[in-house]
Amino acid sequence: MSDCIFCKIANGEIPSNTLYEDNDFRIILDISPANPGHTLILPKKHFENVFDVSDSLVKDAFLLAKKTACALMDLGFAEGVNILQNNGEAAGQTVGHFHIHVIPRKKDDGVTIKSEVFEVSEEEMGRIAKTIFKALN
Ligand code: AMP
Ligand code: ZN
């Protein structure tokens, strides 16, 4: 994708704070970090989001996210880590190139991920579970 900023960063056409690189991935620091050490795992090939990537690429990407999370803990950047991955505008995806966020967290750091609880009746919960269960099994 010629106009994709993450394609350009992942393939080294635009400079970044690179933390790791191999044939398939580049790991960089997010330019607008939620906390110091906020990291992005970028595949070098362009995929829009999780609906487009192969199972094997998802596996490799999450293994790198795990490795990064462990390093952030070991190095003292984090007391806990959020690993998150947005898919589609409705879910807050702003860059249309599959990526995983690894966000270092400290107790009471004020970073917010969780929203208010959505009230759902027990009956509705049951219906939802049944519908999704059917699709997954
Ligand atoms: P998302 O909302 O999941 O699509 O996240 C996109 C992330 O990319 C945001 O956290 C941005 O701060 C980050 N970002 C956007 N442009 C750049 C860039 N040039 N270098 C590093 N991170 C970027
Ligand atoms: Zn791209």
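Bear in mind that the values here come from a model prediction, so they are computed numbers and not experimental data. Whatever order the structure lists them in is the order used to number ligands and atoms, beginning at 1.
Taking the ring centroids of H97 and F47, they lie at or beyond the 6.0 Å cut-off.
Using cut-offs of 30° and 60° for the angle between ring planes, the F6 and H99 rings count as perpendicular.
More than 12 non-hydrogen atoms from other residues, nucleotides or ligands lie less than 6.0 angstrom from CD of E13. Surrounding NZ of K44 are more than 12 heavy atoms belonging to other residues, nucleotides or ligands, all under 6.0 Å away. Counting non-hydrogen atoms of other residues, nucleotides and ligands closer than 6.0 Å to CZ of F77 gives a total of 12 or fewer. D55 CG: 12 or fewer foreign heavy atoms inside a 6.0 Å radius. Atom CD of E123 sits in a sparse spot, with 12 or fewer heavy atoms from other residues, nucleotides or ligands closer than 6.0 Å.
In plain terms, the two heavy atoms of I100 and A65 that are nearest each other are CG2-CB, 4.0 Å.
The pair K106-E79 does not meet the salt-bridge criterion, since no charged nitrogen lies less than 4.0 angstrom from a carboxylate oxygen.
Of all protein N/O/S atoms, those under 2.8 Å from the Zn ion (ligand 2) are C4 SG, C7 SG, H46 ND1, H97 ND1, and waters are not counted.
Listed by chain and number, I5, F6, I9, I28, L29, D30, I31, S32, L40, N86, G92, Q93, T94, V95, H99, H101 each place a non-hydrogen atom less than 4.0 angstrom from ligand 1.
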